[in-house]
Visitor: 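Below is the structure I would like to discuss, written out as structure tokens.
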Amino acid sequence: MTSHRTRLALAPALLTLIAAPVVQAQPAAPPVVLELFTSQGCSSCPPANAALGRVADRPDVVALTFAVTYWDHLGWKDTFARPEFTERQAVYAKALAQGASYTPEIVAGGRAGGFGISEGRLAPLIANGRGAAATTVTSSGPRV
């Protein structure tokens, strides 16, 4: 049987627990999808591939690479290029009102495109890609 003194001694500790604020964890922000449009025929693409590789392991990033076909006219075919990837980038160019497609281009969150050759250039793209609503791009290829 618990004595009256023991209950009185425990009372302040119990009051502290009862009065303590309840802390709820904030849900983590969804990751930003980074889509790199690249080609084996593009001399600026290896640094962009490397920059994307350096951020690919971040928990707030999902990194994807799409090899395009429009560099194939240089005399060799990109072994990873697919016409649907080229089409995907063309749809982004139109949706983001940027005119022509180019490599290396990174589209962040479906809403921000830019020349993705370094981590320094990726940081603002990632920030812009965190906007409220992403552009939904549809083509005969994969869906964003």
Side-chain angles (χ1 to χ4, degrees), residues 2 6-144:
T2 308
T6 304
R7 281 188 245 150
L8 286 176
L10 292 175
L14 291 173
L15 286 175
T16 302
L17 288 174
I18 292 169
V22 176
V23 178
Q24 294 181 347
Q26 294 291 334
V32 174
V33 176
L34 298 179
E35 298 174 73
L36 172 62
F37 293 93
T38 185
S39 175
Q40 292 171 336
C42 162
S43 63
S44 298
C45 289
N49 286 323
L52 185 66
R54 286 189 292 274
V55 300
D57 289 335
R58 289 176 33 174
D60 63 333
V61 166
V62 173
L64 305 171
T65 301
F66 297 100
V68 297
T69 59
Y70 52 83
W71 284 99
D72 287 354
H73 72 278
L74 294 177
W76 71 88
K77 286 198 166 228
D78 186 318
T79 57
F80 299 108
R82 305 272 314 215
E84 55 268 28
F85 299 160
T86 303
E87 181 183 345
R88 180 184 188 91
Q89 186 184 25
V91 172
Y92 269 132
K94 184 176 179 182
L96 299 174
Q98 59 189 40
S101 297
Y102 58 91
T103 59
E105 179 185 19
I106 292 192
V107 175
R111 60 182 296 114
F115 189 69
I117 198 163
S118 69
E119 285 179 77
R121 290 186 184 231
L122 289 180
L125 286 174
I126 292 169
N128 290 338
R130 292 198 188 287
T135 301
T136 300
V137 173
T138 58
S139 67
S140 61
R143 220 177 129 80
V144 174

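Since the structure is predicted, the reported quantities are computational estimates derived from the model, not experimental observations. Numbering of residues begins at 1 and proceeds along the displayed sequence.
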Visitor: Could you name each residue pair satisfying salt bridge (charged side-chain N to carboxylate O under 4.0 Å, His left out) that touches residues 64-82, not counting sequence neighbours?
Guide: Arg82-Glu84
Visitor: Check whether any side-chain heavy atom of Gln40 sits under 4.5 Å from a side-chain heavy atom of Phe80, and report yes or no.
Guide: yes
Visitor: So, taking the atom named CZ in Phe85 and the one named CD in Glu35, what distance separates them when rounded to the nearest 0.5 Å?
Guide: 10.5 Å
Visitor: Show your working on side chain to side chain contact (heavy atoms under 4.5 Å, CB included) between Leu34 and Ile126 and close with a plain yes or no.
Guide: CA-CA 8 Å; Leu34 298 179; Ile126 292 169; 3.8 Å; yes
Visitor: Is a side-chain donor or acceptor of Glu105 paired with a backbone partner of Gly113 at a separation under 3.5 angstrom?
Guide: no
Visitor: Identify, with sequence neighbours excluded, every residue that meets side-chain hydrogen bond (donor to acceptor under 3.5 Å, both in side chains) alongside Ser43.
Guide: none
Visitor: Is the shortest side-chain heavy-atom distance between Ser44 and Thr103 below 4.5 Å?
Guide: no
Visitor: Using the ring-ring contact (aromatic ring centres under 6.0 Å, His included) rule, collect all pairs that involve residues 29-50, keeping only residues at least two apart or in two chains.
Guide: Phe37-Phe66
Visitor: How long is the span from the CD1 atom in Ile106 to the CG atom in Leu125, to the nearest 0.5 Å?
Guide: 6.5 Å
Visitor: Do Pro59 and Pro31 come within less than 4.5 Å of each other through their side chains, counting heavy atoms only?
Guide: no
Visitor: Give every residue pair that meets the salt bridge (charged side-chain N to carboxylate O under 4.0 Å, His left out) criterion with at least one member in residues 39-50, sequence neighbours excluded.
Guide: none
Visitor: For Pro83 and Thr69, which heavy atoms make the closest approach, and how far apart are they?
Guide: N-CG2, 3.7 Å
Visitor: Could you measure the distance from the NZ atom of Lys94 to the OG atom of Ser101? Nearest 0.5 Å is fine.
Guide: 12.5 Å
Visitor: With no hydrogens and no angle check, do the side chains of Gln89 and Tyr70 hold a donor and an acceptor under 3.5 Å apart?
Guide: yes
Visitor: Scan residues 104-124 for pairs that pass ring-ring contact (aromatic ring centres under 6.0 Å, His included), counting only residues two or more places apart or in two chains.
Guide: none
Visitor: Give every donor-acceptor pair under 3.5 Å between a side-chain atom in residues 49-58 and any protein atom, sequence neighbours left out.
Guide:
| residue | atom | partner | partner atom | Å |
| --- | --- | --- | --- | --- |
| Asn49 | ND2 | Cys45 | O | 3.4 |
| Arg54 | NE | Glu119 | OE2 | 2.4 |
| Arg58 | NE | Asp60 | OD1 | 2.9 |
| Arg58 | NH2 | Asp60 | OD1 | 3.4 |
| Arg58 | NH2 | Asp60 | OD2 | 2.8 |

